[in-house]
*Asks:* 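Here's a structure for you.
Residues take their numbers from the sequence shown, with the count starting at 1.
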Amino acid sequence: MIAQQEAPIIHIANHRKPTPPVLEARNLTVTYQDVIALEEVTFTIQRGDYVAIIGPNGAGKSTLVKAILGLLRPQTGSMTVHGRGQTPLGYVPQHEAVNLQFPVTVRDVAAMGRLRQIGWFRQPGKRDWAAVDEALDRVGLCNLRQRQIGELSGGQRRRVFIARALAQQADILLLDEPMSGVDVTGQAQLMDVLDTLNAQGLTVLMTTHDLDLAFKRFGKVMALRRRLVAFGTPDEVYQPRVLEQVYDRTLTTWADDREGQVKVLIDEHGCPDHDH
């Protein structure tokens, strides 16, 4: 499904029975600090989708995540989360809002995801701790549950926040540049966890600047540049004309005869690490 900036999305015929939608954006326009960050964006996310959201700095990736979370109100259009309340959203931010010097354990941080079930000023019960331990086990950190959060690596901390989302029984996981500040080993472990969770039915959306990761590991890719440029399978989106439109530059391309694919190089050097 590929679209030019000023043209509607082209829908490719799909004869498989669609799974239920969990997110729907309809002509979504969001202004952030008096600047239009997203303009007339329309898409549907179905249950179990595994989506990488790509685009240059300022393309609106983080704004889209905040709009899904309900932190930003659209100026026009709508963002609908089906089953909100029964199907909570799990969120893993790029910058962690946790004081790493504060003496709190991995298990305590993951237990923050049970606040909806526990309520304010109440202690977690056996059922809550069982959900927390199960969540930590799913991200491979059950053996570190008594470790101080500040003692973990960047990749391990990201997995703790995924466990926090799982502990609240989230069916949709939103990750905003989770690989930022994470070493290669930590990135590989994090992606293995996400692959497994998606295979178990969790809907995953992740913003990323890593195009190689987006096109090799995800089932769908959403390309943003304020507007929705393209949304489809990696093969549908991984086209020179799409990426040139997204990144607004002439790209170096060549044919790979062995794989029969077009390879694309994009120079992201010099771009500041921020996004709307």
*Asks:* Do Pro74 and Met79 make a side-chain contact, defined as non-hydrogen atoms from C-beta onward lying under 4.5 Å apart?
*Replies:* no
*Asks:* List the steps, then state whether side chain to side chain contact (heavy atoms under 4.5 Å, CB included) holds for Gln200 with Leu197.
*Replies:* CA-CA 5 Å; Gln200 294 171 350; Leu197 292 175; 3.8 Å; yes
*Asks:* Any chain of hydrophobic side-chain contacts (each under 4.5 Å) joining Val160 to Trp129?
*Replies:* yes
*Asks:* Would you say that Lys216 contacts Pro234 through its side chain, given a criterion of any heavy-atom pair below 4.5 Å between the two side chains?
*Replies:* no
*Asks:* Could you state whether Leu71 and Ile53 fall into the same hydrophobic cluster, counting links through intermediate Ile, Leu, Val, Met, Phe, Trp or Tyr residues with side-chain heavy atoms under 4.5 angstrom apart?
*Replies:* yes
*Asks:* Please walk me through it: do Glu24 and His82 pass side chain to side chain contact (heavy atoms under 4.5 Å, CB included)?
*Replies:* CA-CA 8 Å; Glu24 287 187 279; His82 293 280; 2.5 Å; yes
*Asks:* Which distance, rounded to the nearest 0.5 Å, do you find between the OG1 of Thr233 and the NZ of Lys220?
*Replies:* 9.5 Å
*Asks:* On a heavy-atom basis, which atom in Ala214 and which in Val221 lie closest, and how many Å separate them?
*Replies:* O-CG2, 3.7 Å
*Asks:* Answer yes if the side chains of Arg147 and Gln156 hold a donor-acceptor pair under 3.5 Å, and no otherwise.
*Replies:* no
*Asks:* My understanding is that only residues two or more places apart in sequence, or in another chain, count here; which of them pass side chain to side chain contact (heavy atoms under 4.5 Å, CB included) with Ala163?
*Replies:* Ala110, Ala135, Leu136, Val139
*Asks:* Does the plane of the ring in Phe43 sit parallel, tilted or perpendicular to the ring in Phe231? Use 30° and 60° as the thresholds.
*Replies:* perpendicular
*Asks:* Quick check against the 3.5 Å criterion: does Gln169 have a side-chain atom that pairs as donor or acceptor with the backbone of Ala165?
*Replies:* no
*Asks:* At what distance, to the nearest 0.5 angstrom, does CG of Leu144 lie from CG of Leu152?
*Replies:* 6.5 Å
*Asks:* Ion pair present between Lys61 and Asp176, side-chain N to carboxylate O less than 4.0 angstrom?
*Replies:* no
*Asks:* I want to check something: taking the side chain as every heavy atom from C-beta on, are Asp171 and Thr203 in contact at a cut-off of under 4.5 Å?
*Replies:* no
*Asks:* Look only at the side chain of Arg145 and the backbone of Arg107, and say whether a donor-acceptor pair between them is shorter than 3.5 Å.
*Replies:* no
*Asks:* Whether the side chain of Ser78 engages the backbone of Thr80 through a donor-acceptor N/O pair (distance < 3.5 Å, no angle test) should be reported.
*Replies:* no
*Asks:* For the side-chain contact (heavy atoms from CB on, under 4.5 Å) test, which of Leu64, Val229, Ile54, Thr207 pairs with Met222?
*Replies:* Leu64
*Asks:* Within this structure, what is the CD1-CZ distance for the pair Ile172 and Arg47, rounded to the nearest 0.5 Å?
*Replies:* 7.0 Å
*Asks:* Quick check: closest heavy atoms across Gly232 and Val237, and the distance to 0.1 Å?
*Replies:* N-CG2, 3.5 Å
*Asks:* Work out which heavy atom in Val246 is nearest to a heavy atom in Ala223; give both atom names and the distance.
*Replies:* CG2-CB, 3.7 Å
*Asks:* Throw together a table of side-chain donor-acceptor distances under 3.5 angstrom for residues 186-196, partners on residues two or more places apart or in other chains.
*Replies:*
unit_1: Gln187; atom_1: NE2; unit_2: Val182; atom_2: O; d: 2.9
unit_1: Gln189; atom_1: OE1; unit_2: Arg159; atom_2: NH2; d: 3.2
unit_1: Asp192; atom_1: OD1; unit_2: Arg217; atom_2: NH2; d: 3.3
unit_1: Asp195; atom_1: OD1; unit_2: Tyr50; atom_2: OH; d: 2.6
unit_1: Asp195; atom_1: OD2; unit_2: Arg217; atom_2: NE; d: 3.2
unit_1: Asp195; atom_1: OD2; unit_2: Arg217; atom_2: NH2; d: 2.4
unit_1: Thr196; atom_1: OG1; unit_2: Asp192; atom_2: O; d: 3.0

*Asks:* Give the cluster check for Val30 versus Ile36: same hydrophobic cluster or not, with ILVMFWY residues linked at side-chain heavy-atom distances below 4.5 Å.
*Replies:* no
*Asks:* Give, for atom CZ of Arg158 and atom CG of Leu175, the distance between the pair rounded to the nearest 0.5 Å.
*Replies:* 9.5 Å
*Asks:* Identify the two heavy atoms, one from Ala67 and one from Leu28, that lie closest to each other, and give their separation to 0.1 Å.
*Replies:* CB-CD2, 4.3 Å
*Asks:* Between Asp128 and Val132, does the side chain to side chain contact (heavy atoms under 4.5 Å, CB included) criterion hold? Intermediate values first, please.
*Replies:* CA-CA 6 Å; Asp128 299 305; Val132 169; 5.5 Å; no
*Asks:* Return the minimal non-hydrogen interatomic distance between Val51 and Phe218, and the atom names on each side.
*Replies:* C-CD2, 3.6 Å
*Asks:* To the closest 0.5 Å, what do you measure between OG (Ser180) and NE2 (His209)?
*Replies:* 9.0 Å
*Asks:* Look at the side chain of Gln148 and the backbone N and O of Val104, then say whether any donor-acceptor pair between them is shorter than 3.5 Å.
*Replies:* yes
*Asks:* Out of curiosity, does Val242 fall in the hydrophobic cluster containing Phe215 (side-chain heavy atoms, cut-off under 4.5 Å, transitive links)?
*Replies:* yes
*Asks:* Mind checking the CG-CG spacing from Leu202 to Asp49? Nearest 0.5 Å is all I need.
*Replies:* 11.5 Å
*Asks:* Evaluate the side chain to side chain contact (heavy atoms under 4.5 Å, CB included) criterion for residues Leu205 and Leu23: first the C-alpha distance (whole Å), next the side-chain angles of each, then the deciding distance (0.1 Å), finally the verdict.
*Replies:* CA-CA 11 Å; Leu205 289 81; Leu23 297 173; 4.1 Å; yes
*Asks:* Pairing donors with acceptors under 3.5 angstrom, does anything connect the side chains of Thr44 and Arg26?
*Replies:* yes
